[in-house]
Asker: 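Got a structure here, written out as structure tokens. Questions coming.
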Amino acid sequence: MVQKDTTRKVRAVLAGGLVLGVGIGVTLAAWNDSEFASGTFTAGSFNLEGSTTSATTAYASHNVDNGDTAASLVFQLPAVASSMAPGDVVYAPFWVRLDSTTTNSATLLPAGVTAGAGGNTANLAYTVTAIAPGATCGAAATGTLVASGATLAAQTGATSVPLTKGSAAGTAGTPVQLCFAVTAGSGLTQGAAATATWKFTATSTAN
């Protein structure tokens, strides 16, 4: 009888051990922790503006594609004439720059010319030259030829010029002066007119 009781006790202890072992397996768990990272991405600003007045004043946006009105260039006629005659050359300046909100420099490229109504489109040729902002747009002006056309409906050649953003936040970029020269051909029709709209596109560059 004593031996049987001992056996029962051993079995009881083993059973208790087994129960205890199961309890340990349930309460143990792998430790874990996490890290999170986030980023905020803010786009810069980019805007080209132009002035027919000077390198420093009267800038405005003239993006016809966005509903603006094209800048009206002021061509200087010969001193003794009120209208053009064959052989006459007239000049008009136009300044462009990146505005004070722009965060990237850019390149400026002629993007074509559109001729409007009038009978002298084919009798007027033009050149557009990038000259120093403070230079006089006239016969003596020199610089980089960026576009030209044998008529007001054509464009040959397209040379880009750099546009530099403002040197500090909130300041406008360095202006570039475009000098337009329009020459009347020998076939100029008396009393007829012609219009043209030139398009220039600025493309941002990496900082």
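When reading the values below, keep in mind they use all heavy atoms of this one structure, side chains included, and skip hydrogens, waters and symmetry mates.
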Asker: Does one side chain, of Asp68 or Asn63, offer a donor that lies under 3.5 Å from an acceptor on the other?
Answerer: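 Absent: no donor and acceptor within the cut-off.
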Asker: Calculate, to the nearest 0.5 Å, the distance between atoms CG and CZ belonging to Leu48 and Arg97 respectively.
Answerer: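 Going from the CG atom of Leu48 to the CZ atom of Arg97 covers 10.5 Å.
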Asker: I'd like to check Leu98 versus Phe46 (side-chain heavy atoms, cut-off strictly below 4.5 Å). Are they in contact?
Answerer: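 Yes; the side chains approach each other to less than 4.5 Å.
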Asker: Check Ala153 against Val113 and note the closest heavy-atom contact, atom names and distance.
Answerer: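 Here Ala153 and Val113 meet closest at C-CG1, 4.0 Å.
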Asker: Between Ala202 and Leu163, what is the shortest heavy-atom contact and its length?
Answerer: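 It is CB-CD1, 4.0 Å.
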Asker: Pro86 and Ser186: which non-hydrogen atoms are nearest, and at how many Å?
Answerer: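 Between these two residues, the closest heavy atoms are CB-CA, 4.0 Å.
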Asker: Are the side chain of Ser105 and the backbone of Lys165 linked by a donor-acceptor contact shorter than 3.5 Å?
Answerer: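 Yes; judged by distance alone, with no hydrogens or angles, the pair exists.
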Asker: Cluster question for you: counting only ILVMFWY and a side-chain heavy-atom cut-off of under 4.5 Å, with indirect links fine, are Leu178 and Tyr59 together?
Answerer: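 Per the 4.5 Å side-chain linkage, Leu178 and Tyr59 are not co-clustered.
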Asker: Check whether any side-chain N or O of Asn120 sits under 3.5 Å from a backbone N or O of Ala192 as a donor-acceptor pair, and report yes or no.
Answerer: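 Yes; at least one donor-acceptor contact below 3.5 Å.
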Asker: Answer yes or no: is there a side-chain heavy-atom contact under 4.5 Å between Lys199 and Pro110?
Answerer: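 A side-chain contact under 4.5 Å is absent here.
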Asker: Ignoring hydrogens, what is the shortest heavy-atom contact between Thr136 and Ile131? Give both atom names and the distance.
Answerer: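 Answer, listing the atom of Thr136 first, then Ile131: O-CD1, 4.0 Å.
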Asker: Would a single hydrophobic cluster contain both Leu77 and Phe94, if residues Ile, Leu, Val, Met, Phe, Trp and Tyr are joined by side-chain heavy-atom contacts under 4.5 Å?
Answerer: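 Same cluster: Phe94 reaches Leu77 through Ile, Leu, Val, Met, Phe, Trp or Tyr contacts under 4.5 Å.
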Asker: Please report the C-alpha distance between Thr156 and Ser148 in whole Å, then the side-chain angles of each, then the deciding distance to 0.1 Å, and finally whether the side chain to side chain contact (heavy atoms under 4.5 Å, CB included) criterion is met.
Answerer: CA-CA 5 Å; Thr156 56; Ser148 62; 3.1 Å; yes
Asker: Ignoring hydrogens and angles, tell me if any N or O in the side chain of Glu49 forms a donor-acceptor pair with the backbone of Ser61 under 3.5 Å.
Answerer: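 No; zero donor-acceptor contacts below 3.5 Å.
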Asker: ring-ring contact (aromatic ring centres under 6.0 Å, His included) for Trp198 and Tyr126? Distances and angles first, verdict last.
Answerer: CA-CA 11 Å; Trp198 288 271; Tyr126 73 90; 5.3 Å; yes
Asker: For Thr57 and Ser51, work out which heavy atoms get closest and say how close.
Answerer: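 Result for this residue pair: O-OG, 2.6 Å.
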Asker: Restricting to non-hydrogen atoms, name the atom on Val161 and the atom on Val176 that form the minimum distance, rounded to 0.1 Å.
Answerer: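 Val161 and Val176 have their closest heavy atoms at CG2-CG1, 4.4 Å.
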Asker: State whether a side-chain donor-acceptor pair under 3.5 Å links Thr114 with Thr197.
Answerer: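 Thr197 and Thr114 do not have a side-chain donor-acceptor pair below 3.5 Å.
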Asker: Are Leu188 and Val89 connected in the hydrophobic side-chain network, where two residues link if heavy atoms are under 4.5 Å apart?
Answerer: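 No.
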Asker: Is there side-chain contact between Thr183 and Leu124, with at least one heavy-atom pair below 4.5 Å?
Answerer: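 SC-SC contact between Thr183 and Leu124 ruled out.
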Asker: For the CG atom of Leu109 and the OG1 atom of Thr159, what is their distance to the nearest 0.5 Å?
Answerer: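 Rounded to the nearest 0.5 Å, the CG-OG1 separation comes out at 8.0 Å.
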Asker: Following the transitive rule for hydrophobic clusters with a side-chain heavy-atom cut-off under 4.5 Å over Ile, Leu, Val, Met, Phe, Trp and Tyr, establish whether Val128 and Val182 coincide in one cluster.
Answerer: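 Yes, it is one cluster - the side chains of Val128 and Val182 are joined through contacts under 4.5 Å.
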Asker: In Å and rounded to the nearest 0.5 Å, what is the OH to OG1 distance from Tyr91 to Thr127?
Answerer: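 One finds 7.5 Å between OH of Tyr91 and OG1 of Thr127.
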Asker: Ignoring hydrogens and geometry, is there a side-chain-to-backbone donor-acceptor pair from Trp95 to Pro133 under 3.5 Å?
Answerer: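 Here the side-chain-to-backbone pair exists.
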Asker: Donor-acceptor check, side chain of Thr144 to backbone of Val146, threshold 3.5 angstrom: yes or no?
Answerer: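 No, because the side chain of Thr144 does not come within donor-acceptor range (under 3.5 Å) of the backbone of Val146.
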Asker: Give the other cluster members for Phe36, using side-chain heavy-atom distances under 4.5 Å between Ile, Leu, Val, Met, Phe, Trp and Tyr residues; answer none if it is isolated.
Answerer: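 Once heavy-atom contacts under 4.5 Å are chained together, Phe36 still belongs with nothing else.
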Asker: Determine whether a donor-acceptor pair (N or O, by modelled atom type, separation under 3.5 Å) exists between the side chain of Thr102 and the backbone of Asn47.
Answerer: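 Flag set: sc Thr102 to bb Asn47 pair under 3.5 Å.
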Asker: Quick check on the hydrophobic clustering: are Val90 and Leu73 connected, directly or via other members, by side-chain heavy-atom contacts under 4.5 Å?
Answerer: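 As far as the 4.5 Å side-chain criterion goes, Leu73 and Val90 are connected within one cluster.
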Asker: Looking at Gln177 and Ala132, would you say the former's side chain and the latter's main chain have a donor-acceptor pair under 3.5 Å?
Answerer: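 Yes, the answer is positive, given that a donor and an acceptor are paired below the 3.5 Å cut-off.
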Asker: Donor-acceptor check, side chain of Asn104 to backbone of Thr205, threshold 3.5 angstrom: yes or no?
Answerer: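 It does hold such a pair.
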Asker: Ser45: what forms a side-chain contact (heavy atoms from CB on, under 4.5 Å) with it, not counting sequence neighbours?
Answerer: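 Residues passing side-chain contact (heavy atoms from CB on, under 4.5 Å) with Ser45: Thr101.
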